[in-house]
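Both backbone and side-chain heavy atoms feed into the values below; hydrogens, waters and symmetry mates do not. As the structure lists them, so they are numbered: ligands from 1, and atoms in each ligand from 1. Nothing here was measured: the structure is a model prediction, and the numbers come from that model.
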Amino acid sequence: MSRLSLRLGLLGGFSTFLFDSSVIALENAPNDGDILKHVDPLIGTAKGGHVFAGATLPYGMAKAVADTAGENQAGFAYDTEVVTGFSHMHDDGTGGSPSMGNFPIFVQANCPHDDLNQCKWQQSDRASAWDKKSVKARPGYFGISLENGVHAEMTTTNRSALYKFGFTNTSESLSPLILLDLMDLPQSRRNGTAEVDPETGRLTGSGVFAPSFGIGTYKSYACVDFKGAELRSTGIWAKNRTNSERKTLELGANIGSTASAGSFARFHAPADGIILARVGVSFISTQQACSNAEREQPDWDFEGTVSAAESAWKKKLDVVSVDTTGVSSDLQTIFWSGLYRTMISPQDYTGENPLWKSDEPYYDSFYCIWDSFRSIHPLLTLVDPHSQSVMIRSLIDTYRHEGYLPDCRMSLCKGNTQGGSNADVVIADGYLKKIPGVDWDTAYEAVVKDAEVEPPNWDVEGRGGLQSWKNLGYIPYQDHDTYGKGTHTRSVSRTVEYAYNDFCIAEMAQGMGLKADQEKYTNRSGNWAHVFKADQKSSIKGVDTGFTGYLQPRYANGTWAYQDPIFCSPLLNFDSCYLNPDGHETYEGSAWMYTFFAPHDMGSLIKTLGGAESFTSRLSYLHDSGLLYVGDEQAFLPVYQFHYAGRPGLSAKQSHFYIPSQFNTSVNGLAGNDDSGAMGSFIVLSMMGVWPVAGQDVYLITPPFFEEISVRNDLTGNNLTIRNINFDSSYKSIYIQSAKWNGKPWTKNWFTHEFFTKGGVLELELGPKESQWGTHIEDLPPSLSGYE
Ligand SMILES: *[C@@H]1O[C@H](CO)[C@@H](O)[C@H](O)[C@H]1NC(C)=O
Ligand SMILES: *[C@@H]1O[C@H](CO)[C@@H](O)[C@H](O)[C@H]1NC(C)=O
Ligand SMILES: *[C@@H]1O[C@H](CO)[C@@H](O)[C@H](O)[C@H]1NC(C)=O
Ligand SMILES: *[C@@H]1O[C@H](CO)[C@@H](O)[C@H](O)[C@H]1NC(C)=O
Ligand SMILES: *[C@@H]1O[C@H](CO)[C@@H](O)[C@H](O)[C@H]1NC(C)=O
Ligand SMILES: *[C@@H]1O[C@H](CO)[C@@H](O)[C@H](O)[C@H]1NC(C)=O
Ligand SMILES: *[C@@H]1O[C@H](CO)[C@@H](O)[C@H](O)[C@H]1NC(C)=O
Ligand SMILES: *[C@@H]1O[C@H](CO)[C@@H](O)[C@H](O)[C@H]1NC(C)=O
């Protein structure tokens, strides 16, 4: 979820497969010094990137940052003016409403005239300007200075945050006041309770809140302890009134979800000018929130917690090595920051799930699989297969207990489905790549249920229109569906996604020896063609684009409806295809673009679109005309689909067009919402030169942006090294002339997952012009009905 010329020269050059095999070194190239120095968590924190900039462990539940007013989906945004609090749980890169941010704490150095009622309480009153120059963000750490004289630093363990508050004015009147607000970022509170322990100053909060892009409610809990200053007084507050006598506050719905209220503790001046706040979080109880913090942070060791977080991140990132010779520091930062962002979410809530009892892991913030199936999960399969395994297990356990796989899930709630039942793709991808530890029988049962049994509310799970799907072979425009309720838009994009989901089921059926299922779902995977209108034309500002045949909406009776093929591209009504009841027949993109989505049968699609040359010029037109917005995930695969037409060089050319022009090191350096790291995963896989076709055992080869990259497979201990011969860091020589796999010629323009699990060296000889390499029909990636 996200928003906001053609050259057809002759194939140049001849490849020489006889190039002598050089020495094969299986060792990883060493990374250049401290790779964490190349991680900049501020990339994508402005202009709608919605990146979480704060402190977190990989997949950590605690995510601490300063929350700003404005477009604050992930708490902090760089293009804002004021900070309203510091909170401990967030999502990363998402669209939808802001997420979580429950129970912010806020610090004031003293109350004017030492009068509690003159401190600032409500969120809008207490908001304090922040100093742009003061912001420091790195893995496991976030620091910021506020105009109110508070300097805040924060770090986290898995389930607790540790804040270190200093004061820029250490006058004698220093008497810090720290409040806890029963608030969350989307202001969704239904009710809440705040308490303070007058002996210790411990603040606790609990409340019922709503998810940011889904249905239902969730309960959340926090527990705040302090260290470093002597307790002076405690109490509760609501709006701008305080009460030091009472220690418990209960809020119902009547006060309204936008009202600030909570508990507070006031301190004498801290001995060394610093006060620490340790915040435990939980979805189970306040007791568990407190014990999480006590267990994970017994020592209140700020520096130790930061360095533990740094080690955890370094360990995660270190499975990839790059040779940085000639590569700019900016490109290195784009790369490592992208890899970092793909491991912020999903979040590990194991032991924090109140919804069901299970020995299986529980991960949350799959936000959303529509965004993450294409490249986040395939990337995790390479760099962190263990986590990919527990995430898949968690999805299956969610199926066991909720009845369906989620397409989107956040804050223990069902999230909105944007298109197909794309968890099917994640599961088939893991099955084909032999992710260990998964109960594939139940996994198969879950994907078949998606394909066969329509849920009562298909806005949050499964698929809609299944009756039509089975009987007509497409999702009709204005479908009449008596089986379930859902938003009757996106008939075209749902049709092509359901078709691909069915293909993924067919692949699993094949692997499991279920012949009849394999045939059934293979047949249904051809349904994309039923919404292809062969004589449809398309023009831009009255000028014919020169291509014929596009996906179009279609009534149940077979008659075509009409949606301008460029509608919802950046060139026409860009913002009209969201998940609203008045959305249209494609989701967040044009029919022009969705016409390319048949990843399982590209040979047939190419034929349908008039053959390889016509396909290539149409795909180039998609990129060159401004029709494609690379900030939304459906745009990723079309960067690489030139491979299917025997033009792998054009895929390389396109990836260099988008990186770094659309993905760079600035705070607005992401084309769209990062969507839990989706943009980051596009960057990383593109720069490694291994584009995974999600849901298939296929990686499309382009030259890495580095002279050499290596990826260590944590399950087998083996390394895949990809080495560019004639590497040119000005990226003029980006065309593969010939390739060798472990010293032998490799002519296919793709390879399989075995390259990663078995390890080896892929050498790519580069040149400044396209060659014959990877261009012949036998070199092309798999396609269901072959190529002509
Ligand atoms: C900090 O000190 C400066 C100069 O003494 C003063 O102008 C400012 O108001 C003080 N800020 C706070 C929050 O006390
Ligand atoms: C944090 O959780 C991860 C799993 O998500 C686990 O591997 C790691 O050991 C935990 N860290 C600590 C310090 O407990
Ligand atoms: C808040 O709502 C939940 C569920 O609706 C209920 O269980 C709880 O008792 C309520 N708490 C308060 C303080 O009203
Ligand atoms: C508290 O808010 C009320 C209503 O907005 C206002 O009249 C009053 O002056 C405020 N009191 C303080 C101490 O700010
Ligand atoms: C699917 O099955 C139907 C009916 O059996 C048949 O008419 C159709 O050609 C098949 N489609 C494909 C793509 O195999
Ligand atoms: C098909 O249905 C549409 C919408 O109800 C209608 O406009 C169209 O005339 C119908 N076509 C035929 C051939 O009945
Ligand atoms: C950086 O990326 C953003 C987002 O794609 C883009 O708008 C901007 O022009 C890029 N900046 C540069 C200097 O290329
Ligand atoms: C993989 O690379 C690492 C260095 O990152 C090296 O220590 C290890 O021996 C390599 N493994 C194999 C099987 O080559």
For [atom], which protein heavy atom lies nearest, and how many Å away is it?
{"atom": "atom 9 (O) of ligand 7", "value": "Ser661 O, 4.3 Å"}
{"atom": "atom 13 (C) of ligand 6", "value": "Thr559 OG1, 3.5 Å"}
{"atom": "atom 3 (C) of ligand 6", "value": "Asn557 ND2, 3.6 Å"}
{"atom": "atom 5 (O) of ligand 2", "value": "Asp348 OD2, 2.6 Å"}

- Message: Evaluate Glu360 against Tyr362 for side chain to side chain donor-acceptor pair (under 3.5 Å), listing each step before the verdict.
- Response: CA-CA 6 Å; Glu360 284 297 276; Tyr362 180 73; over 6 Å; no

So, do [X] and [Y] have ring centers that fall under 6.0 Å from each other?
{"X": "Phe663", "Y": "Phe682", "result": "yes"}
{"X": "Phe142", "Y": "Phe76", "result": "yes"}
{"X": "Tyr141", "Y": "Trp313", "result": "no"}

- Residues, nucleotides or ligands: over 12 heavy atoms within 6.0 Å of Tyr483 OH: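 Incorrect, the count does not exceed 12.
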
- Item | Closer than 4.0 Å: a protein non-hydrogen atom to atom 7 (O) of ligand 7 | no

- Heavy-atom distances under 4.0 Å are what count here, so tell me which part of Tyr363 touches ligand 2: side chain, backbone, both or neither. side chain

- Message: Among Trp592, Trp560, Phe567, exactly one meets ring-ring contact (aromatic ring centres under 6.0 Å, His included) together with Tyr550. Which residue is that?
- Response: Trp592

- Message: For ligand 7 and Gln662, I'd like to know whether there is a polar contact (N/O to N/O, distance under 3.5 Å).
- Response: yes

- Go through ligand 7 atom by atom and flag the ones less than 4.0 Å from a non-hydrogen atom of Asn664. 1 (C), 2 (O), 3 (C), 8 (C), 10 (C), 11 (N), 12 (C), 14 (O)

- Item | Per-atom contacts of ligand 7 with Asn668, taking only distances under 4.0 Å to non-hydrogen atoms |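 Those qualifying, in numeric order: 2 (O), 3 (C), 4 (C).
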
- Query: Can you find an N or O of Asn158 that's nearer than 3.5 Å to an N or O of ligand 2?
  - Reply: yes

- Message: Using a strict threshold of under 4.0 Å (side-chain N to carboxylate O), is an ion pair present between Glu310 and Lys315?
- Response: no

